[in-house]
Asker: 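Have a look at this one.
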Amino acid sequence: MVQALMTTEERPHALLLRGGRILDPSQGLDVVGDVLVQEGRVRRAARGAWRGELPSGCQVIDVRGLVVAPGFVDLHCHLREPGYEAKETIATGTRAAAWGGFTTVCCMPNTDPPLDTAAAVAFVLERARQQGVVRVLPIGCVTRGRSGVQLADMADLAKAGVVAFSDDGDPVADAHLMRQAFSYSRLTGLPIINHCQDKAITREGVVNEGWVASRLGLRGAPAAAEEVMVARDIALAALTGGRLHLAHVSTAGSVELLRRAKARGLPVTAEVTPHHLMFTDEWVLGYRDEGLRAPAAFPYDTTTKVNPPLRAQGDVQALRRALKEGVVDAIATDHAPHTLLDKLCTYDEAAFGISGLETALGLLMGLVQQEALDLPTLINRLTAAPAAILGLPLGTLKEGSPADVVVIDPDREWVVDVAAFASKGRNTPLAGATLKGKVVATLFGGAFVHNELAMTSGH
Ligand code: DOR
């Protein structure tokens with residue numbers, strides 16, 4: 001049975017998280033101290049012990065040895081509702097988010113019907129209010145029916161509450177339409193999130209074009225198919241003054257184009273997924289990083305099929321560097337849940353996508369362990385950076401902010417058990433892998449939406 005959103009009665013009136021490492025990049029905060037939450041808001045997050053009086057009935061939890069950070073903000077996920085409830089629903093997807101430490105998720109409009117009308121957006125917002133356990137911010141379509149022929153009523157969608165526009169899953173292929181869409185971006189102040197893929201180049205490609213594709217006899221999609229559209233969109237953003245956000249950048253060439261666009265001061269931002277930071281196309285061959293302690297894998301495993309495809313080692317290194325430097329602004333999951341049958345077929349026929357909300361942090365902690373990124377920077381890319389792209393006062397522990405908080409155990413090792421996922425989508429190549437670093441509690445508006453602290457308190 002699906003639980004309704006926790007009511008204020010179920011939310012502790014006040015809660016003190018005592019003695020954790022508070023990491024809040026929005027305030028440049030990295031201190032050991034107490035976090036006090038009251039009436040659903042952050043009352044205090046600062047160095048040292050809380051010396052004031054505790055509100056009556058205040059719960060106190062010892063979080064020494066753990067990290068306390070703002071709830072994560074995901075700019076890009078697929079909740080599949082309406083229309084594809086066999087893959088995911090708002091109820092299950094937001095529970096997966098809570099489990100993964102995400103308290104705000106932006107959901108893509110490739111649903112059925114697509115989110116191309118105010119009514120469809122209203123449906124998602126209402127469903128999220130009734131059945132969601134974290135904040136859901138819908139993204140509206142750029143074109144009607146996502147068909148790429150005619151613009152959706154973008155001004156109407158903005159009024160209905162979308163936070164961005166995208167035809168994700170597909171690119172906006174027509175450059176003229178994209179130019180017009182950017183004019184509406186200027187008008188509404190909302191970004192266009194483009195899925196950059198020139199389908200005239202990728203055609204039927206299912207993996208990265210390169211030696212792995214050749215070895216496996218699979219059709220390849222070259223890096224250039226992404227890069228030509230990234231270049232086009234940057235040129236159109238410059239022409240129109242519209243805001244461009246690049247979805248799931250995956251190649252070293254895209255990073256270079258982005259770097260130059262930012263150096264010119266253009267209004268361009270970008271996200272990268274955990275899987276493009278941590279996996280290469282060799283995963284399609286069955287290779288698994290030893291550091292992950294994953295079970296033996298096999299070639300043509302359809303859980304590795306994702307769009308854009310997993311790329312080469314050089315791309316992964318470029319993405320990591322760009323994330324560290326802030327050239328790529330944020331991490332977004334592109335959580336793409338599918339049914340078993342969507343993946344229990346040949347590599348060519350399988351659906352694109354990885355179920356990513358619940359493994360994101362555990363996987364990304366690998367970057368910290370490998371010293372590719374420090375923990376404050378990682379948290380920044382999951383909180384303050386995506387919130388800044390949305391222009392919303394989220395991803396922060398500033399006094400008075402909504403008490404959206406995660407507690408992380410950076411040393412906890414756990415095995416990815418897809419059967420225990422909150423998400424309906426069990427499609428991940430991480431099934432059975434041991435990850436180090438786990439979200440052990442998530443608070444949304446001061447209420448626990450995920451809590452394993454009983455097991456870890458007393459650290
Ligand atoms: O792998 C992907 N899956 N990439 C996309 O762009 C769409 C997504 C989906 O909707 O399944």
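Numbers here simply count residues along the sequence, with the first being 1. In what follows, every heavy atom counts, from backbone to side chain, and hydrogens, waters and symmetry copies are set aside. In this text the structure is predicted, and so the values were computed from the model without any measurement.
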Asker: Would you please say whether a donor-acceptor pair under 3.5 Å links the side chains of Thr303 and Asp301?
Answerer: yes
Asker: Classify the ring geometry between Tyr347 and Tyr300 as parallel (under 30°), tilted (30 to 60°) or perpendicular (over 60°).
Answerer: perpendicular
Asker: Is a side-chain N or O of His338 found less than 3.5 angstrom from the main chain of Phe352, in a donor-acceptor match?
Answerer: yes
Asker: Over all heavy atoms of both residues, which pair between Ala270 and Val328 is shortest? Give the atoms and the distance, please.
Answerer: O-CG1, 3.8 Å
Asker: Suppose we screen for side-chain hydrogen bond (donor to acceptor under 3.5 Å, both in side chains). Which residues come up paired with Lys424, at least two apart in sequence or across chains?
Answerer: none
Asker: Hey, which of His248, Met229, Glu227, Arg259 is the one that makes side chain to side chain contact (heavy atoms under 4.5 Å, CB included) with Ser254?
Answerer: Glu227
Asker: Ignoring hydrogens, what is the shortest heavy-atom contact between Gly100 and Leu361? Give both atom names and the distance.
Answerer: O-CB, 4.5 Å
Asker: Would you check if there is a donor-acceptor pair between the side chains of Arg311 and Ser250 at a distance under 3.5 Å?
Answerer: yes
Asker: For residues Pro308 and Gln197, determine if any side-chain heavy atom of one lies less than 4.5 Å from a side-chain heavy atom of the other.
Answerer: no
Asker: Check Glu325 with Lys262, please: is the shortest side-chain N to carboxylate O separation under 4.0 Å?
Answerer: no
Asker: Just do the side-chain contact (heavy atoms from CB on, under 4.5 Å) check on Glu282 and Val212 with the steps written out, would you?
Answerer: CA-CA 7 Å; Glu282 292 177 42; Val212 170; 4.2 Å; yes
Asker: For Trp283, is there any backbone N or O sitting under 3.5 Å from a side-chain donor or acceptor partner on Arg288?
Answerer: yes
Asker: Side chains of Glu88 and Thr92: is there a donor and an acceptor less than 3.5 Å apart?
Answerer: yes
Asker: If you compare all heavy atoms of Asp315 against all heavy atoms of Thr251, which two are closest, and at what distance to 0.1 Å?
Answerer: OD1-CA, 3.5 Å
Asker: Give the intermediate values and the outcome of side-chain contact (heavy atoms from CB on, under 4.5 Å) for residues Val124 and Val121.
Answerer: CA-CA 5 Å; Val124 167; Val121 172; 5.9 Å; no
Asker: At what distance, to the nearest 0.5 angstrom, does CG of Asp30 lie from CZ of Arg47?
Answerer: 9.0 Å
Asker: Could you grab the distance from atom OG1 of Thr94 to atom CZ of Phe102, nearest 0.5 Å is fine?
Answerer: 13.5 Å
Asker: Return the minimal non-hydrogen interatomic distance between Pro70 and Thr383, and the atom names on each side.
Answerer: O-CG2, 3.5 Å
Asker: Does atom CZ (Arg18) have a neighbourhood of more than 12 heavy atoms from anything else shown, all under 6.0 Å?
Answerer: no
Asker: How about Thr269 and Pro191: do any of their side-chain heavy atoms sit closer than 4.5 Å?
Answerer: no
Asker: Is there a side-chain contact between Asp348 and Leu218 (heavy atoms, below 4.5 Å)?
Answerer: yes
Asker: Could you give the distance from CG (Leu137) to SG (Cys77), rounded to the nearest 0.5 Å?
Answerer: 10.0 Å
Asker: Starting at CG of Leu430, measure out to CG of Asp417 and round the result to the nearest 0.5 Å.
Answerer: 13.0 Å
Asker: So does Ala98 get a backbone contact from the side chain of Thr442, meaning a donor-acceptor N/O pair under 3.5 Å?
Answerer: yes
Asker: Would you say Arg95's side chain and Ala91's backbone share a donor-acceptor pair under 3.5 angstrom?
Answerer: yes
Asker: Taking the side chain as everything from C-beta on, heavy atoms only, tell me whether Leu285 gets closer than 4.5 Å to Leu216.
Answerer: yes
Asker: Is it true that a side-chain atom of Lys343 and a backbone atom of Ala351 form a donor plus acceptor pair closer than 3.5 Å?
Answerer: yes
Asker: Could you check whether Asp404 pairs with Arg135 (Lys NZ or Arg NE/NH1/NH2 to Asp/Glu carboxylate O, under 4.0 Å)?
Answerer: yes
Asker: Is there a donor-acceptor contact under 3.5 Å linking the side chains of Thr377 and Asn380?
Answerer: no
Asker: Working note: Leu17 + Asp34, criterion side-chain contact (heavy atoms from CB on, under 4.5 Å); need CA distance, chi angles, decisive distance, verdict.
Answerer: CA-CA 6 Å; Leu17 298 170; Asp34 293 355; over 6 Å; no
Asker: State, without any angle test, whether Thr396 and Gln27 hold a side-chain donor-acceptor pair at a distance under 3.5 Å.
Answerer: no
Asker: Applying side-chain contact (heavy atoms from CB on, under 4.5 Å), run through Leu453 and Leu66 and close with a yes or a no.
Answerer: CA-CA 10 Å; Leu453 275 176; Leu66 306 180; 3.8 Å; yes
Asker: If we only count heavy atoms from C-beta on, is the Asp334 to Glu271 side-chain gap below 4.5 Å?
Answerer: no
Asker: Treating Arg80 as the side-chain partner and Ala86 as the backbone partner, does any N or O pair qualify as donor plus acceptor under 3.5 Å?
Answerer: no
Asker: Using every non-hydrogen atom in the two residues, find where Gly71 and Thr103 come nearest and quote the distance to one decimal.
Answerer: CA-OG1, 3.2 Å
Asker: If the test is side chain to side chain contact (heavy atoms under 4.5 Å, CB included), which one of Ile331, Thr104, Leu357 qualifies with Asp74?
Answerer: Leu357
Asker: If every non-hydrogen atom of Pro429 is compared with every non-hydrogen atom of Phe279, which pair is closest and at what distance?
Answerer: CG-CE1, 3.7 Å
Asker: Between the main-chain N or O of Ala336 and the side-chain N or O of Lys87, is there a donor-acceptor pair closer than 3.5 Å?
Answerer: no
Asker: Quick one, Leu258 and Val230 - any side-chain contact, counting heavy atoms below 4.5 Å?
Answerer: no
Asker: Please confirm whether the backbone N or O of Gly242 pairs with a side-chain atom of Ser185, one donor and one acceptor, at under 3.5 Å?
Answerer: no
Asker: Within the 4.5 Å heavy-atom criterion, are Met108 and His195 side-chain neighbours or not?
Answerer: no
Asker: Rounded at 0.5 Å granularity, tell me how far NE2 in His335 sits from OG1 in Thr273.
Answerer: 13.5 Å
Asker: For the residue pair Leu310 and Thr280, establish whether any side-chain heavy-atom pair is separated by less than 4.5 Å.
Answerer: no
Asker: Any donor-acceptor pair under 3.5 Å linking the side chain of Arg381 with the backbone of Leu323?
Answerer: yes
Asker: Using modelled atom types and a 3.5 Å cut-off, is there a donor and acceptor pairing between side-chain atoms of Arg320 and backbone atoms of Leu373?
Answerer: no
Asker: First locate atom OG1 of Thr89, then atom CD of Glu81, and finally report the distance between them rounded to the nearest 0.5 Å.
Answerer: 5.5 Å
Asker: Here's a test for you: under salt bridge (Lys or Arg N to Asp or Glu O under 4.0 Å), which of Asp168, Asp170, Asp167 qualifies with Arg146?
Answerer: Asp170
